[in-house]
Amino acid sequence: MKVFKFGGASVKDATGVKNVVSVLKETGEKDLVVVVSAMGKMTNALEQVVNDYFGNTAHLKASQNEIFVYHETILKELFISEKHPIFKKVKGIMADLNQFITTTKSKNHAFVYDQIVSYGEQISTTIVSEYLNESGIKNTWLDARKCIVTDANYRDANINWETTQSAILQHVSKKGITITQGFIGAEATNNFTTTLGREGSDYTAAIFAYCLNAANVTIWKDVPGVLNADPRYFDKTTLLNHISYREAIELAFYGASVIHPKTLQPLQRKEIPLYVKSFLDVKGVGTCVGKGVTLDPKTSCFILKKDLVLISLSALDFSFMMENHIGDVFKWLHEYKMKVEMIQNSAISFSVVINNKYDNLEELLAKLRATFSVTWNEGVILYTVRHAMPKEIKQLESGKTVLLKQESRETVQLVIKTN
């Protein structure tokens, strides 16, 4: 039993869905769990529906219609006749979405978000499963919400591992091919849909692999594997043939975009290898994450995070920044759902780089100003370099305003001002 995961880029259009068939036929795997994300940028489109639900109800029908038209276009290219049952299935899913929108009065943004955005995965897996059957690849469609059991922490739900493992073993056969959704689960009390955080489909694949004791996991992407830097921001990149679990977790923690940060822990616990390969080059070697050498080849790895906020604090009476002060700061960062990317402190100051993911910066600053002297910079860039050479850091710093710099034996971080 193995686990494959296909992301949104791999099923963004009819050609992509057809290519999934080619990948499955070329690999020849017969016993698989195939985890599929929403098609293309559909999660973004559904987020617009959420925004319209709360702030622009006049545009709701139009934003829903865009979703239907997008999928209908793909259906017409995949299936000969519009009388095929798949058209009715997709219309039924869209009708369920519309019913939720028209009958729900909830003002809980995170709850509504999870219910609406999950329809992307429901539709994509329904289409992929049906097309695989049409192409001679028999499979079973599985609603992941029957298996992935979570708490009610909407938008970033936590897994109940014991209940999830029991459900997966009950619903998933180790023989044949199962198609299921990434990113989504259901909370245990009321069975409402939850999501595992953006890019959580990789995590879903790892959950199934862990619970099924899979031989390995392969994430199929539009890149040849894990690169030492994001080619959108760096001119020269190197394919990493092998990464140890520890190094991959470090890279994921600092924000490497190819692997979801939560994906690696369950795989490491059972030493399940993770492969990252290109769906455009099935025979390519890709990258293996597993036991063994830290990096092959041994090279510097560059990670860039944009649109962050640097906050610097000092006590109003110029006293030392003691543990009780810093404890209060972390309590408020948690309260306002700020992801901490970097911290640095001295005797009289404390600096923190945060991701204002939930747009709560103004409320946080107001809270901090009551206790501290506060300065901040919005829109900063955080560079993280693993295994850096001194000349590489000098090149990164050249011509830039460095607001903060932190260096350890293996990692250098630079906070760069952008405006």
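Keep in mind the model is a prediction, meaning the values are calculated, not measured. Every heavy atom of this structure was used, including side-chain atoms; hydrogens, water molecules and symmetry mates were not.
- In this structure, F100 and Y53 have parallel ring planes: the angle between them is below the 30° cut-off, well short of the 60° mark.
- Checking N133 against K138 by side-chain atom types alone, no donor-acceptor pair falls below 3.5 Å.
- A donor-acceptor contact closer than 3.5 angstrom links the side chains of S312 and S351.
- A salt bridge is defined here as a Lys NZ or Arg NE, NH1 or NH2 lying under 4.0 Å from an Asp or Glu carboxylate O, and D156 with K262 meets this definition.
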For this session: Given ring-ring contact (aromatic ring centres under 6.0 Å, His included), test F192 with F111 step by step and report yes or no.
Result: CA-CA 9 Å; F192 290 128; F111 168 77; 5.0 Å; yes
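- No option in E187, Q122, E121, Q181 other than Q122 meets the side chain to side chain contact (heavy atoms under 4.5 Å, CB included) test with R145.
- More than 12 heavy-atom neighbours from other residues, nucleotides or ligands sit within 6.0 angstrom of CZ on F234.
- Formation of a donor-acceptor pair under 3.5 Å by the S173 side chain with backbone atoms of K175 is found in this model.
- With respect to K18 and E77, no salt bridge is recorded, no charged nitrogen being found less than 4.0 Å from a carboxylate O.
- Under the 3.5 Å distance criterion, with hydrogens and angles disregarded, no donor-acceptor pair is assigned to the side chains of Q64 and H59.
- The closest donor-acceptor contact from the side chain of Q115 to the backbone of T193 lies under 3.5 Å.
- Between D31 and K2 there is no salt bridge, since no side-chain nitrogen of the basic residue lies less than 4.0 Å from a carboxylate oxygen of the acidic one.
- Screening I354, L404, T375 against L310 for a side chain to side chain contact (heavy atoms under 4.5 Å, CB included) leaves a single residue, L404.
- W220 and S278 are not linked by any side-chain donor-acceptor pair at a separation below 3.5 angstrom, with hydrogens and angles left out of the test.
- Judged purely by distance below 3.5 Å, without hydrogens or angles, the side chains of Q413 and T384 pair a donor atom with an acceptor atom.
- D222 CG to N19 CG: the interatomic distance, rounded to the nearest 0.5 Å, is 11.5 Å.
- R269 CZ to Q265 CD: the interatomic distance, rounded to the nearest 0.5 Å, is 7.5 Å.
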For this session: Dump the intermediate steps for side chain to side chain contact (heavy atoms under 4.5 Å, CB included) on I123 and M94, then the final yes or no.
Result: CA-CA 9 Å; I123 297 173; M94 289 299 302; 3.8 Å; yes
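- Side-chain atoms of T299 and T238 include no donor-acceptor pair closer than 3.5 Å.
- There is a side-chain donor-acceptor pair under 3.5 Å between T195 and D114.
- Side-chain contact of T294 with R246: a donor-acceptor pair under 3.5 Å is absent, judged by distance alone.
- Of all the heavy atoms in L24 and V34, the pair that sits closest is CD2-CG2, 4.5 Å.
- For the 3.5 Å distance criterion, the side chains of S63 and D52 qualify, holding a donor opposite an acceptor.
- Side-chain contact of N139 with S129: a donor-acceptor pair under 3.5 Å is present, judged by distance alone.
- Looking at E392 and S300, their side chains do bring a donor and an acceptor atom within 3.5 Å of each other.
- Under the 4.0 Å criterion applied to side-chain N and carboxylate O atoms, K405 and E397 are assigned as salt-bridge partners.
- At most 12 heavy atoms of other shown residues, nucleotides or ligands fall within 6.0 angstrom of atom NZ in K291.
- Proximity of F372 to V329: side-chain heavy atoms (C-beta onward) are separated by under 4.5 Å at one or more points.
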Problem set entry | Residues H242, E247; criterion side chain to side chain donor-acceptor pair (under 3.5 Å); working and verdict | CA-CA 10 Å; H242 185 278; E247 182 64 23; over 6 Å; no
For this session: Tell me, with the steps shown, if K337 and N360 meet side chain to side chain donor-acceptor pair (under 3.5 Å).
Result: CA-CA 8 Å; K337 297 184 177 181; N360 292 327; over 6 Å; no
Problem set entry | Worked check of side chain to side chain donor-acceptor pair (under 3.5 Å) between T178 and T140 | CA-CA 5 Å; T178 299; T140 301; 5.3 Å; no
